Enquirer: 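Below you will find the structure I want to go over with you.
Note that the coordinates shown come from a computational prediction; the quantities given were computed from them, not determined experimentally.
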Amino acid sequence: MKEKHRGLALFTTLVFIFLLGPLFIIMATSFGDSTVLKFPPEGFSFRWYKNIFDVEMFMTTFKVTIVVALAGNLIALLIGVPAAYALSRFNFKGKGLLNTIFISPILIPGVVLGFTMLKYLVVTFNLPIYTSLLIGHVVLMLPFIIRVIASSLSNFDYAVEEAAMSLGASRLKTFFTVVLPNIRSGLIAGVLLAFLESFNNVDISVFMTGPGVSTLPIQMLTYVENYFDPTIAAISVLLMAVTALLMFSIERLMGLSYFTKNN
Amino acid sequence: MKKQYLWLLLLPGLLFLTLFMIIPIFMTIGSTFFHEGTFTIEGYVKLLGDPYILKILGTTLQVSLVTTIVCILLGFPTAYYISKQKARTKGILLALALFPLLTSAIVRSFSWMVILGKNGLVNNFLVGVGLVAEPLKILYTPTAMMIGLIHLFLPLMIISLVGVMENIDEDLLKASESLGASRMKGFMSIIVPLCVPGLIVGSILVFVGSLTAYTTPQLLGGKQRVVATFLYQNAMTLNDWYMASIVATVMIVVTFIIIGLMNQLARKLNPKG
């Protein structure tokens, strides 16, 4: 029996090397000195990190990415929180269908969402590309916000809400002073997860590019197709640092068990 | 609570999704049946008769199938090992599996360009030890796409499986052993069936994800097209929006059929009934 577990432990180690090894290789190459991407890297320098800030397109697209992720998150919260509350608090006819509709942006292939939005929002309805990009990202973020919040609400004891209301507080006041503070950590975790989804999105953003509008992932994609120097490795390291930070925060806020339970 | 309040809470989200997601999708699907004003299914006939497009569909299907199977083979033992660890170790291992999942697909595909390229790690090694005389062409082949997609989706499989394995009572295995079953037999006839719901969820996520993935095939596939990159090419490079709409329709229909079938299967096989 011990033998068997040792085999399993070795297997697991190899799987983790497969999963994480490539990311370490990217890290190592980002500090190389030669103009061609190489592993093992030659020399040591920070020049590729400096190069990120010298390429203007990285800076402009980074700004667009952040603005879209933050503004989109805010809109997704405004329309997602009431929906999540209604869906988890009340039982009514058609609830199952509504649940499916609100989750569907995860189920529908990303490129299909991107293309149909380009076709109708940008071309038919003549909305500006920037606005359409923002709308696309709200659609993308909504299911994450709704799922995480609904999952926090499922742990909330609605007797507390009823107690507050029986003492004379209005439903709206009760929501903001009793319900919301109780699901605060879930709310923040949902925001962070949605942010990460938007920040890394390619499938929708790739259809929404125009003069002055493009996101960082799309700029990275274009760059990789044309140059093969370690600049992208350097950006990757910075993105991984942000990812690790956000993941650590999500873990602190609601535990990683959310991921194993909720799909 | 009064009914109108309930709908007031749901309306903004519902309106938003209807306007910006549901209508564009249904209009796109509808548009594929009309060409220059008349009803036609010509586009679909053309799709099924074009060997180039059939090859793309074949590649996509093959790559997704292999990716799913490899993810099951690698993910199952790994998830089992993780689920058997103490809470602290389990937490660390789960975090290590989740980290690549949350990392940008571009970063992850890019790392495989470095590893599989002409002067990449793998080729340098193979040439260095004299196994091959010339660097192999691995990057920009279906194999590269598969490796990239396995790397992309393996964490999803592991996480789905750990979710169900955590809840399996270890005593069941001991009970079967005390009744005389071999460890392997007990594992295959008790643990594996209990994992089926997680296995199905994981497989849907991986299969549908691979079927519709854009970034990884775009970076690692080179001229090899899959449906998602074919849609993009038609929409953005060739400006053939009619074909792009047909591909989009096929993708939606196939996705929903698979999810529906798998859900039905999960309901049938769920040991809890």
Side-chain angles (χ1 to χ4, degrees), chain A residues 8-9 11-12 15-16 18-20 22-23 25-26 29 37-39 79-80 82-83 85-86 90 92 98 101-102 105 107-113 115-121 135 138-139 142 196 200 202-203 206-207 217 220-221 224 232 236 239-240 243-244 247 251 256 259-261 263, chain B residues 1 6 9-10 12-14 16-17 20-21 23-25 27-28 74 77-78 80-82 91 94-100 102-108 110-112 114-115 119 121 151 154-155 159-160 162-163 166 201 205 212 214-215 219 228 231-232 235-236 241 244 248 251-252 255 259:
Chain A
L8 207 54
F11 187 88
T12 307
V15 165
F16 273 102
F18 169 70
L19 284 179
L20 299 170
L23 302 181
I25 289 173
I26 287 287
T29 50
L37 221 150
K38 253 189 209 155
F39 185 84
I79 60 182
Y85 175 73
F90 305 103
F92 51 92
L98 280 172
I101 290 177
F102 279 112
L107 306 175
I108 296 167
V111 283
V112 172
L113 282 179
F115 170 64
T116 53
M117 283 176 185
L118 170 71
K119 199 173 165 190
Y120 286 97
L121 303 191
I135 290 173
V138 174
V139 169
L142 253 182
L196 216 47
N200 287 334
V202 173
D203 296 10
V206 80
F207 289 94
M220 287 169 70
L221 213 55
V224 171
I232 294 294
S236 298
L239 290 184
M240 281 192 260
T243 307
M247 193 179 101
E251 198 271 330
L256 295 179
F259 293 96
T260 61
K261 267 187 285 179
N263 46 51
Chain B
M1 187 156 113
L6 180 68
L9 294 173
L10 291 166
L14 206 54
F16 197 90
L17 289 181
F20 301 130
M21 182 184 80
I23 291 180
I25 284 178
M27 283 172 79
T28 302
L74 295 180
T78 309
Y80 188 66
Y81 182 79
I82 294 175
L94 270 181
L96 289 177
L98 267 172
F99 179 67
L102 297 176
T103 302
S104 156
I106 297 178
V107 172
R108 293 202 276 159
F110 177 65
S111 71
W112 288 102
V114 178
I115 296 169
N119 296 307
L121 198 59
H151 188 241
L154 182 55
I159 285 158
S160 308
V162 169
E166 272 179 331
V201 170
L205 292 174
T212 60
Y214 171 78
T215 311
L219 284 177
L231 191 160
Y232 178 81
M236 306 302 273
W241 283 29
M251 284 175 86
I252 293 185
T255 306
I259 293 172

Enquirer: Under 30°, 30 to 60°, or over 60°: which ring-plane class applies to B:Trp112 and A:Phe18, parallel, tilted or perpendicular?
Expert: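 Correct class here is tilted.
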Enquirer: Using non-hydrogen atoms and a 4.5 Å limit, figure out which bit of A:Ile101 sits close to chain B: side chain, backbone, both or neither.
Expert: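 Contact with chain B involves both backbone and side-chain atoms of A:Ile101.
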Enquirer: Between atom CZ of B:Phe20 and atom CD1 of A:Ile135, what is the distance when rounded to the nearest 0.5 Å?
Expert: 4.0 Å
Enquirer: Quick one: NZ on A:Lys119 to OG1 on B:Thr28, what's the gap to the nearest 0.5 Å?
Expert: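 Taking NZ in A:Lys119 and OG1 in B:Thr28, the distance rounds to 4.5 Å.
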Enquirer: Between A:Val139 and chain B, which part of the residue has a heavy atom less than 4.5 Å away: side chain, backbone, both or neither?
Expert: both
Enquirer: Out of B:Thr215, B:Ile106, B:Val107, which residue meets the side chain to side chain contact (heavy atoms under 4.5 Å, CB included) rule with A:Pro217?
Expert: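 The option that passes is B:Ile106.
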Enquirer: Looking at every non-hydrogen atom in both residues, tell me the closest pair between B:Leu6 and A:Phe90 and how far apart they are.
Expert: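 Closest heavy-atom pair between B:Leu6 and A:Phe90: CD1-CD1, 3.5 Å.
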Enquirer: Checking heavy atoms, do the side chain of B:Met27, its backbone, both or neither come under 4.5 Å from chain A?
Expert: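 Both the backbone and the side chain of B:Met27 come within 4.5 Å of chain A.
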Enquirer: With a 4.5 angstrom heavy-atom cut-off, which part of A:Ile26 approaches chain B: side chain, backbone, both or neither?
Expert: side chain
Enquirer: Show the numbers, then the answer: is there a side-chain contact (heavy atoms from CB on, under 4.5 Å) between A:Glu251 and B:Leu98?
Expert: CA-CA 11 Å; A:Glu251 198 271 330; B:Leu98 267 172; over 6 Å; no
Enquirer: Relative to chain B, which segment of A:Phe207 carries a heavy atom at a distance below 4.5 Å: side chain, backbone, both, or neither?
Expert: both
Enquirer: Quick one: what part of B:Ile115 sits under 4.5 Å from any heavy atom of chain A, side chain, backbone, both or neither?
Expert: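 The answer is the side chain of B:Ile115.
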Enquirer: Relative to chain A, which of B:Pro100, B:Gly91, B:Ser111 shows the most heavy atom pairs under 4.5 Å?
Expert: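 Going by pairs under 4.5 Å, I would pick B:Ser111.
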Enquirer: From A:Met117 CE over to B:Ile25 CD1, what is the distance, rounded to the nearest 0.5 angstrom?
Expert: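 Here the interatomic distance stands at 7.5 Å.
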Enquirer: Give the minimum heavy-atom separation between A:Val111 and B:Ala228, together with the two atoms involved.
Expert: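 Between these two residues, the closest heavy atoms are CG2-CB, 3.9 Å.
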Enquirer: Using side-chain contact (heavy atoms from CB on, under 4.5 Å), reason through B:Thr255 and A:Ile108 one step at a time and then give a plain yes or no.
Expert: CA-CA 7 Å; B:Thr255 306; A:Ile108 296 167; over 6 Å; no
Enquirer: About how many Å separate CE of A:Met240 and CZ of B:Phe99, when rounded to the nearest 0.5 Å?
Expert: 6.0 Å
Enquirer: Set out, in order, the CA-CA distance, both residues' side-chain angles and the distance that settles side-chain contact (heavy atoms from CB on, under 4.5 Å) for B:Ile23 and A:Tyr120, then state yes or no.
Expert: CA-CA 9 Å; B:Ile23 291 180; A:Tyr120 286 97; over 6 Å; no
Enquirer: Can you tell if the side chain of A:Pro105 reaches within under 4.5 Å of the side chain of B:Leu17, non-hydrogen atoms only?
Expert: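 Side-chain contact under 4.5 Å: yes.
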Enquirer: Not counting sequence neighbours, which residues clear side-chain contact (heavy atoms from CB on, under 4.5 Å) with B:Ala97? List them please.
Expert: A:Phe16
Enquirer: Quick check: closest heavy atoms across A:Leu107 and B:Ile259, and the distance to 0.1 Å?
Expert: CD2-CD1, 3.9 Å
Enquirer: Quick one: which of A:Leu98, A:Leu239, A:Thr29 has the most heavy-atom pairs under 4.5 Å with chain B, could you say?
Expert: A:Leu98
Enquirer: Rounded to the nearest 0.5 Å, what separates atom CD1 in A:Ile79 from atom CG in B:Leu10?
Expert: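 The distance works out to 11.5 Å.
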Enquirer: Determine, step by step, whether A:Leu8 and B:Tyr80 satisfy the side-chain contact (heavy atoms from CB on, under 4.5 Å) criterion, reporting the C-alpha distance in whole Å, the side-chain angles of both residues, the deciding distance to 0.1 Å, and the verdict.
Expert: CA-CA 9 Å; A:Leu8 207 54; B:Tyr80 188 66; 3.8 Å; yes
Enquirer: Testing the basics here: between B:Leu14 and A:Phe102, what is the closest heavy-atom pair and its distance to 0.1 Å?
Expert: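 Smallest interatomic distance, heavy atoms only, reads N-CZ, 3.7 Å.
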Enquirer: Under a 4.5 Å cut-off applied to non-hydrogen side-chain atoms, are B:Met236 and A:Val206 in contact?
Expert: no
Enquirer: Using every non-hydrogen atom in the two residues, find where A:Phe115 and B:Ala244 come nearest and quote the distance to one decimal.
Expert: CZ-CB, 3.5 Å
Enquirer: From A:Leu20 CG over to B:His151 NE2, what is the distance, rounded to the nearest 0.5 angstrom?
Expert: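 Reported value, rounded in 0.5 Å steps: 7.0 Å.
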Enquirer: Within the 4.5 Å heavy-atom criterion, are A:Leu221 and B:Phe110 side-chain neighbours or not?
Expert: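 Answer no - side chains too far apart.
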Enquirer: A:Thr12 and B:Pro77: which non-hydrogen atoms are nearest, and at how many Å?
Expert: OG1-O, 4.5 Å
Enquirer: What part of B:Leu154 is in contact with chain A, defined as an atom under 4.5 angstrom from a non-hydrogen atom: side chain, backbone, both or neither?
Expert: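 Interface part for B:Leu154: side chain.
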Enquirer: So what's closer than 4.5 Å to chain B heavy atoms on A:Leu19: side chain, backbone, both or neither?
Expert: both
Enquirer: Between A:Asn200 and B:Leu102, is there a donor-acceptor pair closer than 3.5 Å when you use the side chain of the first and the backbone of the second?
Expert: yes
Enquirer: Quick one: which of B:Ile82, B:Asn119, B:Leu96 has the most heavy-atom pairs under 4.5 Å with chain A, could you say?
Expert: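 When all of B:Ile82, B:Asn119, B:Leu96 are compared, B:Leu96 has the most.
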